[in-house]
Amino acid sequence: MMGTGVDGAMIGGEAILGARGLTKRFGAMCAANSIDYHLGPKEMAGIIGPNGAGKTTVFNLLTGVYAPDQGSVFFDGREITRLSPQQRVKLGIRRTFQLASTFDNLRVIDNLRLAYYHKQRQGRCSLGGMCSADLGEVRDESIDECLEQLELSKAAHLPVASLPLGSKRKLELAMALIGAPRVLLLDEPFAGLSEMEIGQIVAMLRHRCTRRMAVLIIEHKITWLKDLVDRISVLVNGEIIADGDYQTVLDSPVTRKSYWRVE
Amino acid sequence: MSVPELAGTVVIGLAMSAIFFMLSVGLSLSYGLMRIVSLDQFLYYSVGAYMTYVVTSQAGNFWLGLLTGVIASCTLALTVEKSLYRRIYEKGVMFSMITSYGVLLVGIGAIKYIWGLVPRPVMTPIVGHVSLLGTTLPVYRFVVIGLAVVLYIGLRLFLERTIVGKAIRAGIEDVDKTEGLGIDVYRIFTLVFLLTAGLSALAGGIHAPLIMVDPHMGLKIIATAFMIVIIGGLGSIKGTVVSSLLIGQVMAFGFTIWAPAAEMAPFVIMLLVFLIRPTGLYGSQYLRR
Amino acid sequence: MMRLLKTYGTILLVFAGVGVLRLALPGAFLIHVTIFSIYTMAFSFLMGRLGLVSFGQPAYMGIAAYGTGLYLHYFGTNPLLGMMVGIIAGVAFAGVIGGLFVRLSSSYFTLANLALCAIGFFVFQRALVHITRGDTGLWYLGRMERWPLLNFRDPDHFLTFALIVAAGIWIVVKGLDRSVFGAACLAVKANERKLQFLGYNTYRIKWLGFVMANSIAAVAGTLYAVYFGFVSPAIMDVLRAPEVVVVGLLGGVGSLYGPLIGTFVYIAMQDLVSAIFVYWELVVGTMLVLVMMAGERGIASLLESAPRLLRMRARHDRSSAG
Ligand SMILES: Nc1ncnc2c1ncn2[C@@H]1O[C@H](COP(=O)(O)OP(=O)(O)OP(=O)(O)O)[C@@H](O)[C@H]1O
Ligand SMILES: [Mg+2]
């Protein structure tokens, strides 16, 4: 049951993000092997898989970090395989990184301002405009709202370098959300966080994303995804070996064999 | 251009390639493995040349001088590695580059202090000539070329056949892999650093009879050496070989046509390579960091 | 107006302060400090704001100096026009080279700049020897026009002029630091990939940052050219490339006054120990290693963090006493 199309069950209509036959090799090793995948416009889905399964590689292919060796990527019905990461961002594909990626030499609020400024200037983000725009003047409710919801308001004027990992992950999520994406790709957003912080992020995702945009979450621990996502796919050795709702995947013999290695 | 002229130019170019190769292959290796750019190698190059000069002029034996140069440079390199690089490895390329430039400058200052500013000549150890395709060429150039070929083969065998060599290659792909093999990474780092220093010193000693030995000799060759490493692609031995050969020939032919062209040609080639591949001919885009 | 003064007033005060030092210090020293600090600002802008370390800064300064020098030697006599020519040459050069170089990863960038400097030196010393007259250099001190209010051969006039230029540059840099562009530059330094994924074209940001930084270097080059009334390939010597790295790191890269402080300390030291500076490589090299080993934070950041450290110490004392 390689990469089920889930055609009928697509939440919210036609797929917004899709991959067909996506393949990427690093030397002899095949990090993604002919992957077919579709994500509904308002769907929240998860990808699980062991270390080195190729999960991050799939994200990199979808967002344009790597060009695939074979196969293609679709967005909203058009092919985007050859678009640069930046062009894909313009279409509304946003992601976070496995290693929490923020600008550590800037203040928390300035991170968000940079994210917001681009969104505000969509398409006309000229160098001249950037030089003459005062960073302090970049203000918006959505920035304050994000800070509030993730309990970062107090840290707003601190440099990011001084924040703990949990706050960095929250900040990175906020930066992605401020861009008002249509598809949000999260690479292990819960890794290294406390239960409380995970709770905050889950609440934020429920509040801001459910039924509003498509979300794809990579996670190691399937339990965190249980109540959050509509669908889970299992990626092993660069191939999707199972796909379906939480219980189906959990019970599937293929998963049990090659993921949990139980008979 | 007549056949004799052509043959002469090619041989001169190959001899240049040989020296460039010795000087740059270590730089490329140590970037690949340790993620450092070690500018102090040009100090070991100068030290190799100066020791060769001293021993050749005092004891009259060039080859003994070469050996002395290599030993002296390796000792110096070991000291620098133990005292400075141990703290640098973790800190990234920029850090190593700036710090090692400091070491290079200190070394140049010391050389000026000891030997003064005057360029010194070194006697060619082999004075014979051979005739080839209607032109006579000094035997020494062929010896230089032969030495580089031997070194290249030796290096390949070392990297492919020995356990340490395999560990080095694994480390170039992913340092964590070496750790997985249960090998002390820092021992390997030291080894590669010394190997690089030894090669640099050898290049210096071998080069000495072809040029004058002077305090700035390291700085004079620095740009060419790094252009070769860059054109080939940082971390790639194959790339270094190819670009050494390329630049050697281009410079040799440049000299026969218009001397300034020879100096500028590598730079133009580098710019052209950048237009097509910002990571050099054989450099990996996936090399992390 | 008041707001502008509040933002940029400190800069004016600082450079006015340097001018006042003229009462106690020789003009040549202060002029050298002013010009070199502009040059260091260029390096500091590149490294501290964009995270690009260049070992080829003399090239960008030298191109501009030669632009000015060639104009004043062969064509005109108006030093201000000469400066314009030099700056335009420097900016155009940086624009073209930047387009190629900023695509490179950091190691390649540094080394490519080193090569650029070596080649630049060679071009002006030998390849174009019939125009540049090689190591003899171009002389035009006597040719430059003099005006009653601005006479470049009068050290005090020149110092005033250089200080005004420097203050102007500092104001521009501070303005940029506060702009979205300034934040984007810092973001490129911290995590270029991430900025791309916010939708920014980091290539263009780096290009503009590069051109801005090297335009500042170009200003320093033309100032040297009109100050000495002479230009030779020595200005582009690869040997001198590390100097600005040392000074930049000494003062602390990325901070606003770091370049000024670093230059002041360095040149004062150079003058004081000029006896041993025959072997200046020894001194510069040792300093470079020491500054790096000390943690590359520079004097400016030490000064900035000193009050905080003292406060922490005080709090610590109080808590351990209590
Ligand atoms: N740039 C690269 N160059 C070479 N190999 C790579 C590269 N990126 C990934 N790989 C390899 O591809 C395989 C899949 O990597 P990937 O990062 O996609 O795994 P993952 O499922 O995200 O694992 P993890 O759970 O550890 O994040 C790994 O074996 C990895 O070593
Ligand atoms: Mg991953």
Handout entry: CD (Q87(A)) with more than 12 external heavy atoms under 6.0 Å
Key = yes
Problem - Residue among G179(A), P85(A), A133(A) with most heavy-atom pairs under 4.5 Å to chain C - result: A133(A)
Practice task
Could you tell me whether the side chain of R94(A) reaches within less than 4.5 Å of the side chain of L198(C), counting heavy atoms only?
Solution key: yes
Problem - Reported OG-to-CZ distance for the pair S126(A) and R204(C), which is rounded to 0.5 angstrom - result: 7.5 Å
Fill in the blank from the handout: Output for pair (Y117(A) OH, Y200(C) OH), nearest 0.5 Å, gives 7.0 Å
Problem - Contact summary for Q196(C) and V89(A), nearest pair of heavy atoms - result: O-CG2, 4.0 Å
Fill in the blank from the handout: Exactly one of D104(A), N105(A), L114(A) clears side chain to side chain contact (heavy atoms under 4.5 Å, CB included) with L186(C), and that residue is N105(A)
Exercise for the section: Using a cut-off of 6.0 Å, state whether more than 12 heavy atoms not belonging to L99(A) lie near its atom CG. Expected result: no
Practice task
Would you indicate whether M84(C), at its atom CE, is surrounded by more than 12 heavy atoms from other residues, nucleotides or ligands within a distance under 6.0 Å?
Solution key: no
Exercise for the section: With rounding to the nearest 0.5 Å, note down the distance linking NZ in K194(C) to CE in M175(A). Expected result: 5.0 Å
Problem - Minimum side-chain heavy-atom gap R178(C)-L135(A) below 4.5 Å - result: no
Problem - T63(A) side, atom OG1; R193(C) side, atom CZ - distance, nearest 0.5 Å - result: 8.0 Å
Exercise for the section: Enumerate by number any residue of residues 90-99 of chain C whose heavy atoms lie under 4.5 Å from heavy atoms of chain A; in the absence of such residues, state 'none'. Expected result: none
Practice task
Please test I205(C) against M130(A) for side chain to side chain contact (heavy atoms under 4.5 Å, CB included), starting from the C-alpha separation and ending with a verdict.
Solution key: CA-CA 9 Å; I205(C) 293 173; M130(A) 287 170 71; 3.8 Å; yes
Practice task
If a pair satisfies ring pair (Phe, Tyr, Trp, His ring centres under 6.0 Å) and one of its residues is in residues 78-107 of chain A, list it, with sequence neighbours excluded.
Solution key: F97(A)-F197(C)
Handout entry: Taking every non-hydrogen atom, the tightest pair across L176(C) and C131(A)
Key = CD2-SG, 4.0 Å
Problem - Neighbour count above 12 (heavy atom, 6.0 Å) for R20(A) CZ - result: no
Fill in the blank from the handout: chain C shares the most heavy-atom pairs under 4.5 Å, among L106(A), L127(A), T96(A), with L127(A)
